[in-house]
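Written below as structure tokens is the structure these notes are about.
Sequence positions, counted from 1, serve as the residue numbers for this chain.
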Amino acid sequence: MPLYNPQPLPECSGAVLFFGVPRVVVADRETYSGDIGFLADRGVDVVVLDDPACRALLRRFIEERPALWNDVVAGDRGR
């Protein structure tokens, strides 16, 4: 099963910028990664943790609920 990596989603990035969120913490960039430079280039402090526990949790979720993952995450990228 492919893993889709759209993080941060455009809607989330837009909300971060609109509301002036100063810092975004990315717990797992391997499973759910993307162009975090978009936010960093606009002055947002992006902290990447690459936490193994979060990675395991996301992978388990993807395995157990692939349809939901694909509808929410992959659907944003047009599959």
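- Residues satisfying the salt bridge (Lys or Arg N to Asp or Glu O under 4.0 Å) test with Arg23, not counting sequence neighbours, are Asp45.
- Sorted by first then second residue, the salt bridge (Lys or Arg N to Asp or Glu O under 4.0 Å) pairs that include residues 46-56, not counting sequence neighbours, are Asp28-Arg55, Glu30-Arg55.
- A heavy-atom distance below 4.5 Å is not found between the side chains of Val44 and Val21.
- No path of Ile, Leu, Val, Met, Phe, Trp and Tyr side chains, each step under 4.5 Å between heavy atoms, connects Phe61 with Leu57, placing them in separate hydrophobic clusters.
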Side chain to side chain contact (heavy atoms under 4.5 Å, CB included) assessment of Leu49 paired with Val26: CA-CA 6 Å; Leu49 298 180; Val26 178; over 6 Å; no

Working for salt bridge (Lys or Arg N to Asp or Glu O under 4.0 Å), residues Glu64 and Arg60: CA-CA 6 Å; Glu64 292 177 3; Arg60 180 176 161 202; 2.9 Å; yes

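- Clustering ILVMFWY residues whenever any of their side-chain heavy atoms sit less than 4.5 angstrom apart, transitively, puts Leu68 in the very cluster that holds Leu58.
- For the side-chain contact (heavy atoms from CB on, under 4.5 Å) test, residues two or more places apart in sequence or in another chain that qualify with Phe38 are Ser13, Leu17, Asp35, Arg42.
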